[in-house]
There are 2 protein chains.
Amino acid sequence: MAFNDLISGALTTSGQVRNEPVQARSSERIATLLDAASAVVAEVGIERLTTAMVAERAGASIGTVYRYFPDRIAVLAAMSLRGFERFLRASVENLEATRPTTLDEAITCLIDAAVELHRTEPGFTSIRLSDQIALPEVDGGTASASRVAAPLATIFVEELGVDGEGLAERLDIALTMADALLVRAFVIDPKGDADAIEATRALVAGYLAPAASRT
Amino acid sequence: MAFNDLISGALTTSGQVRNEPVQARSSERIATLLDAASAVVAEVGIERLTTAMVAERAGASIGTVYRYFPDRIAVLAAMSLRGFERFLRASVENLEATRPTTLDEAITCLIDAAVELHRTEPGFTSIRLSDQIALPEVDGGTASASRVAAPLATIFVEELGVDGEGLAERLDIALTMADALLVRAFVIDPKGDADAIEATRALVAGYLAPAASRT
DNA sequence: GGTCACCGATCGGAACTCGATCATCGCTCA
DNA sequence: TGAGCGATGATCGAGTTCCGATCGGTGACC
């Protein structure tokens, strides 16, 4: 509801997609291609992903891949970006569902969303390990975590009544931290090491707590 | 001195280098090649690095590159590994020079070493952004931060008299965190955002402090 | 003289292009 | 209103280019 307005357009695929899709089936195609890419990454890793593999798995031709993505890297970048979008949406859903009263609960919503993503999207951990590959040419090179920090900060302030003083900055740091630690959790154990995940949650909450709790 | 014994052989280039160099000039060659690779990465990014670029910049031929490295990825992996070696050595040097009495001072030694590396080795930030690319085939996929955590833990315990209980694990987490946050600092500002660096230092010290200080 | 280091033409395969073909949509006019 | 028809979008895949990797030959070191 209100949350969704805040995040619409927060993340764009500008520069990633070659031709904006006009017909409906195109959007599906893109989704299918990204799903295929995700599966391929999970299977052979980022470096060994070839555009031919993506095309074949998606049931498309190579030409179709290049219709939507300028090059191989753009496919990976788009995949990464879609992951962040999903994280944002899932976070918002969790926040709406639980309506947290403490910052700690709010953090849990975000961590859960991220963990869920690592679990369900097979190639996501891999791509987080080596994200940013493409960013030098996508834009200034802003880390992906920073992209979600701003919209989330808005939500925290406007909807949860958290003190906004420097929150965006702190959230950015917190997300960078959480990102790295969660990746670590999923490197330790493909299903996500429970201790490492809990440690992450505690650490992030501990970091954000002192300044922010004003629910 | 004693420190150096602890870290010798902690990091090896096993599997990275094709033929162990016999003649002296070979070691220089490898260093030159890695320097070239570092510069290329800083310029065009990891994905766009080609073996030809590395060869040309190093004043060598393509064949020479492949004499020392089995493939393109191995060049990047070796570069990453050399960075971690340098970090370890620089950390040890800093520790020896300052002989810290508090954990906080010790952390500062490490952070300084890492910051220095980001500053002097142009491609290091990039490769930290997307490290691990090669690790799936190098070994079990252990995150690089974990590799330095163990030897550093030994030093902390044996030389600084810090409580060793679960220290390796905590150091691992701390380094993962520091790594990500420092990369962030250098993405924000190529020279390394001072605030972000200080925040990193504070965060890591804060995380390690409660359990460890027993100097 | 034998090994080590180096070179760069060459090969194979993957990234990417391009013109032809098929699908869809909006418009027109009976 | 809906059948026909162009225009534009979407798809394809053989062809081209470029890059990773090899290999046999030449020079440097001991």
Side-chain angles (χ1 to χ4, degrees), chain A residues 13 15-37 39-41 43-79 130 133-134 136-138, chain B residues 13 15-37 39-41 43-79 130 133-134 136-138:
Chain A
T13 32
Q16 317 280 38
V17 177
R18 201 161 209 171
N19 292 26
E20 299 296 311
V22 177
Q23 298 177 15
R25 58 174 171 162
S26 294
S27 309
E28 285 171 36
R29 263 285 193 218
I30 291 180
T32 310
L33 286 170
L34 292 182
D35 288 343
V40 170
V41 164
E43 244 175 52
V44 303
I46 301 213
E47 280 291 313
R48 306 244 182 264
L49 170 143
T50 70
T51 50
M53 288 180 194
V54 174
E56 189 186 352
R57 190 160 203 128
S61 76
I62 295 185
T64 300
V65 173
Y66 283 94
R67 162 154 183 83
Y68 292 108
F69 304 100
D71 57 24
R72 195 187 83 101
I73 297 175
V75 178
L76 295 169
M79 196 187 131
S130 52
I133 307 169
E137 43 232 272
V138 170
Chain B
T13 32
Q16 317 282 36
V17 177
R18 200 162 209 170
N19 292 27
E20 299 297 309
V22 178
Q23 297 177 17
R25 59 174 170 161
S26 292
S27 309
E28 286 171 35
R29 265 285 192 210
I30 291 180
T32 310
L33 286 170
L34 291 182
D35 288 342
V40 170
V41 165
E43 243 175 51
V44 304
I46 304 223
E47 281 290 313
R48 307 243 185 258
L49 170 142
T50 70
T51 49
M53 289 180 194
V54 174
E56 189 186 352
R57 188 156 204 131
S61 77
I62 295 183
T64 301
V65 173
Y66 281 93
R67 165 158 180 79
Y68 293 108
F69 303 100
D71 57 23
R72 195 187 82 102
I73 296 176
V75 178
L76 295 170
M79 195 187 134
S130 53
I133 304 170
E137 42 231 273
V138 169

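Here is how names work: the chains are called A, B, and so on, in the same order as the sequence lines, proteins then strands, and each is numbered from 1. Everything numeric in this text was worked out from a predicted model, so none of it was measured.
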Is [X] close enough to [N] that one of its side-chain N or O atoms is under 4.0 Å from OP1 or OP2 there?
| X | N | result |
| --- | --- | --- |
| A:R29 | D:dC12 | yes |
| B:S61 | C:dC7 | yes |
| B:Y66 | D:dT22 | no |
| B:R72 | D:dC19 | no |

So how far is it from [X] [atom1] to [Y] [atom2], rounded to the nearest 0.5 Å?
| X | Y | atom1 | atom2 | result |
| --- | --- | --- | --- | --- |
| B:I46 | B:I73 | CD1 | CD1 | 11.0 Å |
| A:S27 | A:Y68 | OG | OH | 8.0 Å |
| B:L76 | B:D71 | CG | CG | 9.0 Å |

[X] [atom1] to [N] [atom2], straight-line distance once rounded to whole Å:
| X | N | atom1 | atom2 | value |
| --- | --- | --- | --- | --- |
| A:L33 | D:dC12 | CG | C1' | 13 Å |
| A:L76 | C:dA15 | CG | P | 10 Å |
| B:I62 | C:dG12 | CD1 | C1' | 14 Å |
| A:I30 | D:dT11 | CD1 | C1' | 14 Å |
| A:Y68 | C:dA15 | OH | P | 20 Å |
| A:E28 | C:dT24 | CD | C1' | 14 Å |
| A:E47 | D:dC19 | CD | P | 15 Å |
| A:E56 | C:dA14 | CD | C1' | 14 Å |

> Side chains of B:T51 and B:F69: closer than 4.5 Å at any heavy-atom pair?
Replying inline: no
>> Could you tell me if the side chain of B:L33 sits less than 4.5 Å from the side chain of B:V75, heavy atoms only?
In response: no
Taking only the side-chain heavy atoms of [X] (C-beta and beyond), determine which of [options] contains the nearest atom.
| X | options | answer |
| --- | --- | --- |
| B:A60 | D:dA21, C:dA14, C:dC7 | C:dC7 |
| B:T51 | C:dA14, D:dG20, D:dC12 | D:dG20 |
| B:R67 | C:dC4, C:dC16, D:dG20 | C:dC4 |

